[in-house]
Structure formats: C-alpha cells, structure tokens
Amino acid sequence: MIRETVRKTHRAKRPRLLSGLRKLAVVASAGLLASAGLVAFSGTAEAVGTLGNAAAQSGRYFGTAVASSHLGESQYVSTLDQQFGSVTPENEMKWDATESNRGQFNFGSADQIVSHARAQGMSVRGHTLVWYSQLPGWVSGLGASDLRSAMNNHITQLMTHYRGQIYAWDVVNEAFQDGNSGARRSSPFQDRLGDGYIEEAFRTARSVDPNAKLCYNDYNIDGINAKSNAVYNMVRDFTSRGVPIDCVGFQGHFNPQSPVPSDFQSNLQRFADLGVDVQITELDIEGSGSAQADNYRRVVSACMAVSRCTGITVWGVTDKYSWRSSGTPLLFDGNYQPKQAYQAVLTALGGSGSDPGDPDPGTGACSVSYAETQRWGDRFNGQVTVTAGSSAISNWTVTVTVHYPQKISATWNGSPTWDSSGNVMTMRPNGNGQLGAGASTSFGFTVMANGNWSAPTLGSCTVS
Ligand code: 9MR
C-alpha cells in the first residue's frame with residue numbers, strides 16, 4: 001500500500017441518473033446486440049465526447065475506481081455512468097471486506113458495484129485476491145499449510161461468486177519491495193509459502209474462472225527500474241513455463257516525487273512483448289492545470305501507442321473522494337467539473353471535446369464503428385461498419401488488430417490482407433467500395449478467442 005491519509009465520506013441515497021449518452025449508444029446497437037447483450041464499440045457521432053466511448057474507438061476501456069458508499073450520490077453516479085466504461089471496486093473486493101472471518105464471505109458492497117456496472121454495460125476489474133495489506137489478522141496468524149488452503153479458498157470463493165462477470169482480476173498485488181533490490185516484499189504469503197505462492201495463486205485462479213484475465217498489479221513499476229525488472233523477470237518466467245498470466249497492471253500513482261517516467265511507453269512495450277496485455281490500473285497524478293494535464297496526456301498516449309495496452313483506469317471519479325485526501329489528482333474536480341486534465345485525456349484517446357451530439361470529425365473521409373454481434377464458447381463474430389463522411393468515397397481500407405492468442409478464422413463482405421504476425425488484418429472492399437456521402441457498409445469476421453475475449457483494435461478508416 002502507498003500511504004496517504006484516507007478520507008471516508010458517506011452520502012444519503014438519492015435516485016440514480018442514467019446517462020442519456022449511454023442510452024443513445026445502446027439504442028444505436030440494439031438491433032444487433034439485443035439478444036446477446038454484448039458491448040458495442042463505436043466511433044460515430046455520439047461516441048467521442050466521453051472517456052469511455054473515446055477509448056472504445058480503439059477497442060480499449062477507460063474506467064475508474066468506485067466506492068459503493070458513493071453510489072447514492074446523484075452527481076457521482078451520473079458522472080460515472082456518462083464518462084466511464086469500466087469500474088474497479090476501490091476497497092470492496094479486498095480480503096478484509098470479503099472474508100473478515102475465516103470462511104464467512106460477505107459480498108454485499110462489492111455486489112452493489114458489480115450490479116451497477118453490469119446494468120450500465122460497463123466491464124469490471126476485480127481488485128484484489130492476494131495482497132499483504134487490508135488483510136485480516138486471522139490470515140497473518142496462520143501456519144504454512146493453513147495459509148495455503150486459506151489463500152486458495154479465498155481465490156476460489158471470490159472468483160466463483162463473480163465467475164463470468166469480471167473482465168480481469170488482480171490476482172496478486174504489490175508483491176515486490178520498493179527500492180533497488182528487486183526483492184520480494186515480506187508478507188504472510190511470502191514469508192510462509194515462499195516465492196511459489198504467486199504461481200500457485202495464478203494457477204488456482206485459472207482453474208476457477210478460465211475466461212477472466214489474470215493480472216499481476218503493482219506500483220513504481222511504470223519505468224524501467226529494479227522493481228519493474230524483477231516483475232518482468234517473473235512474467236517472463238511464467239510465460240516461458242506456461243504459468244497462466246494474461247496481464248500486468250501498472251498502477252500509475254504519480255506525484256512530483258514519483259513523476260511519469262520518460263521510459264513509460266518502452267516499459268509497457270517490453271512487457272507486452274512477453275505476450276501479456278498491459279493495463280494502467282490506478283492512475284492518478286498529483287498537481288493541477290496544464291502540468292497535470294500534460295502528464296495525463298503522456299500516460300494516455302503511451303498506452304495508445306502500445307497495441308496490447310488494453311485499458312486505463314483512474315483511481316476515482318472526483319478529487320472530492322480521492323484516497324490522496326489533500327490532493328487533486330483526478331480528472332473531475334470536487335464539483336464534478338472536468339479539469340484541463342480531462343480534456344487532455346479525451347483528446348489523447350482520440351475523442352473530441354465537442355458536444356457529444358456533434359458529428360465525429362474522424363478522418364473526414366470516413367469513420368468506422370465496431371460491434372460484437374455473436375458469441376459462442378470458443379469464438380465471437382465482429383462487425384465493422386464503414387460510413388462515408390460528407391463526400392462520396394471509394395477504395396477505403398480499415399485495419400483490424402486482434403489480440404494474441406486470438407486468430408481470425410473467417411471473414412465476409414471484404415478482401416483481407418494480413419501482416420506477418422497474422423494479427424493485423426487490412427480490410428478492403430470487394431470491388432471499389434463506392435459509398436455515397438453518409439452511406440454505410442459493413443464487413444464481418446470470426447475471431448477464435450483462445451481464451452482472450454478482448455475486442456479487436458480498429459485502425460482509422462482511410463481512403464486511397
Ligand atoms: O484507495 C484505496 C483506499 O481507499 C484504501 O484506504 C487503501 C488501503 O490500503 O487502498 C487504496 O487503494 C490502493 C489499492 O488498493 C492498491 N494500490 C494502492 C492504492 C492506493 O493506496
């Protein structure tokens with residue numbers, strides 16, 4: 001845990017506001033998705049004016065930490081629902097909240113967040129299964145054999161309760177020491193079970209919910225340093241030995257003493273090159289005005305430049321409730337007004353700060369949107385719609401990148417070519433693809449998930 005004074009705030013329950021914008025997006029895709037209840041990513045008119053929708057244009061999510069105690073506050077909820085596409089319970093899934101007494105599980109507050117998110121079509125990150133902090137005293141008091149079964153049981157109970165509802169779990173959190181040693185952090189798990197506890201936790205997690213992405217999550221690993229090298233070596237070892245790990249979470253708690261490192265993007269890339277997704281999981285940046293905005297822009301641009309950087313979560317909706325009690329590290333101020341940092345993030349995600357009802361500036365010539373139209377146990381179908389701008393177009397191209405180990409197994413309504421990795425498909429129309437001003441056409445494809453259910457990343461539509 002990084003230490004800051006914690007501010008606890010409770011508010012009386014008020015009615016929940018639904019976002020008009022989200023409703024619009026749902027209506028737009030209802031025909032295709034009604035039965036499947038799946039998520040549509042769109043780059044069209046109403047999509048680009050919010051963080052979640054701007055990120056979704058490139059197949060990424062943009063989320064926030066949420067505290068169940070604020071779900072009764074209307075401005076909190078309306079900002080959450082309108083702006084974000086993913087949530088992480090800030091404290092409600094931690095060990096002290098879910099199993100404060102051995103074998104007695106309490107999911108009340110976490111359930112509140114998960115059902116709110118699901119009702120809004122948001123994805124959920126699970127945080128966190130095995131962590132030395134917010135750990136009840138009874139766990140620390142166990143001997144090795146009891147501790148091993150308590151750890152595996154805790155993972156099993158939580159992941160079973162939320163099976164099918166969690167996009168990615170932080171299976172193990174903050175297992176490495178600060179400083180230059182790259183050593184493991186002392187904890188009941190480390191001290192009694194030894195280095196192998198992390199591998200065991202991941203193996204147990206995979207066996208309980210094979211469809212959830214399993215992440216290792218930590219702070220001060222954002223740049224290349226002794227701690228991130230140690231995590232990197234662990235992930236490389238896991239991937240080489242087939243220990244199940246899908247993603248690494250870079251928390252991204254930045255302040256003047258711990259600024260955004262200049263090698264942030266290359267650090268993300270080296271992890272991605274190991275064959276795991278990378279995510280920014282707890283982003284907040286101390287400061288204000290243009291300096292803060294510029295740091296946010298750098299972080300988001302780094303993620304956008306790494307194709308396996310699948311999403312960003314900020315650690316709270318509003319400065320009012322940040323864990324940094326005297327700070328202003330988030331995108332909305334204490335009155336829920338978007339800050340300069342908000343605009344910087346939106347722009348870096350490829351969104352526009354214009355009224356959400358304004359037309360998408362896009363590339364001018366054409367725009368693209370994506371929808372998952374059908375899902376089976378091992379694969380899903382995606383559909384990309386290409387829409388001409390204010391002039392007629394022909395000979396358009398759109399790239400679709402699927403995420404390892406996914407593979408596209410079939411395509412229709414277009415002529416694909418592939419890059420050498422086989423992951424990047426460039427789709428051209430059959431024939432010259434003539435489209436009148438404002439007219440649309442669609443192509444489709446089947447993705448074999450191979451355990452990875454993330455949406456493909458769309459490149460922009462270009463016209464030759
Ligand atoms: O934001 C969380 C705060 O409300 C809790 O009091 C604190 C307790 O440890 O945890 C904060 O969240 C932490 C997260 O779970 C793990 N990474 C560091 C975060 C900030 O301390």
Side-chain angles (χ1 to χ4, degrees), residues 1-11 63-71 73 76 80 84 86-100 109-110 112-114 124-137 139-140 154-155 158 166 168-178 185-190 198 201 214-222 227-228 231 247-255 257-258 260 278-286 299 311-332 334:
M1 169 177 75
I2 307 169
R3 295 194 185 285
E4 288 266 358
T5 318
V6 179
R7 181 170 47 188
K8 291 206 168 69
T9 313
H10 297 276
R11 283 279 183 282
T64 177
V66 166
S68 60
S69 55
H70 307 316
L71 287 177
E73 186 181 334
Y76 183 91
L80 167 66
F84 296 95
S86 171
V87 301
T88 305
E90 187 170 354
N91 290 299
E92 291 77 354
M93 287 184 176
K94 292 173 181 173
W95 201 313
D96 62 352
T98 51
E99 194 189 4
S100 57
S109 311
Q112 252 185 290
I113 296 176
V114 172
V124 183
R125 293 193 86 260
H127 176 79
T128 176
L129 296 167
V130 181
W131 187 28
Y132 74 94
S133 179
Q134 290 178 276
L135 194 61
V139 183
S140 320
H154 186 76
I155 294 169
L158 266 79
I166 304 284
W169 274 104
D170 291 332
V171 178
V172 175
N173 196 40
E174 300 175 8
F176 287 83
Q177 269 178 23
D178 291 335
R185 181 194 292 277
S186 167
S187 74
F189 306 106
Q190 180 69 36
I198 301 186
L214 307 181
C215 303
Y216 175 77
N217 191 51
D218 214 327
Y219 66 91
N220 284 353
I221 59 165
D222 313 288
K227 188 172 175 180
S228 68
V231 175
C247 36
V248 176
F250 299 79
Q251 294 185 6
H253 292 292
F254 298 114
N255 57 45
Q257 292 71 46
S258 174
V260 181
V278 295
Q279 302 171 348
I280 298 159
T281 50
E282 304 183 14
L283 180 61
D284 56 10
I285 306 180
E286 220 6 303
V299 172
I312 299 172
T313 300
V314 287
W315 206 239
V317 175
T318 155
D319 284 342
K320 187 171 161 184
Y321 299 133
S322 167
W323 69 289
R324 301 181 194 256
S325 55
S326 54
T328 55
L330 295 168
L331 300 179
F332 292 88

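Positions are given from 1 along the sequence. Both counts, for ligands and for their atoms, begin at 1 and track the order of listing.
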Does only the side chain of Asn173 get under 4.0 Å from ligand 1, or the backbone, or both, or neither? Count heavy atoms.
side chain
Check against side-chain hydrogen bond (donor to acceptor under 3.5 Å, both in side chains), Gln251 and Glu174:
CA-CA 10 Å; Gln251 294 185 6; Glu174 300 175 8; 2.9 Å; yes
Could you list which atoms of ligand 1 come closer than 4.0 Å to a heavy atom of His253?
18 (C), 19 (C)
Can you find a heavy atom in the side chain of Trp131 that is under 4.5 Å from one in the side chain of Lys94?
yes
Once you measure the plane-to-plane angle for Trp95 and His154, does it fall in the parallel (<30°), tilted (30-60°) or perpendicular (>60°) bin?
parallel
Identify the two heavy atoms, one from Leu283 and one from Leu330, that lie closest to each other, and give their separation to 0.1 Å.
O-CD2, 4.1 Å
Within 4.0 Å of some non-hydrogen atom of Trp323, the atoms of ligand 1 are 1 (O), 20 (C), 21 (O)
Heavy-atom contacts under 4.0 Å between Trp315 and ligand 1: side chain, backbone, both, or neither?
side chain
Nearest non-hydrogen partners of Val172 and Tyr216, listed with the distance
O-CD1, 3.4 Å
Heavy-atom distances under 4.0 Å decide this one: backbone, side chain, both or neither, for Asn217 against ligand 1?
neither
I'd like the name of whichever of Arg324, Lys94, Met93 reaches closest to atom 13 (C) of ligand 1 through any heavy atom.
Lys94
Checking the N or O distance criterion of under 3.5 Å, is ligand 1 in contact with Gln134?
yes
Looking at OG1 of Thr313 and NE2 of His127, how far apart are the two atoms once the value is rounded to the nearest 0.5 Å?
10.5 Å
Close-contact set for ligand 1 against Gln251 heavy atoms, below 4.0 Å
17 (N), 18 (C)
Should the pair Lys320 and Phe332 be classed as cation-pi, given the thresholds of under 6.0 Å to the six-membered ring centre and 45° from the axis?
no
Using a plain distance cutoff, I'd like to know if Trp131 has any nitrogen or oxygen under 3.5 Å from a nitrogen or oxygen of ligand 1.
no
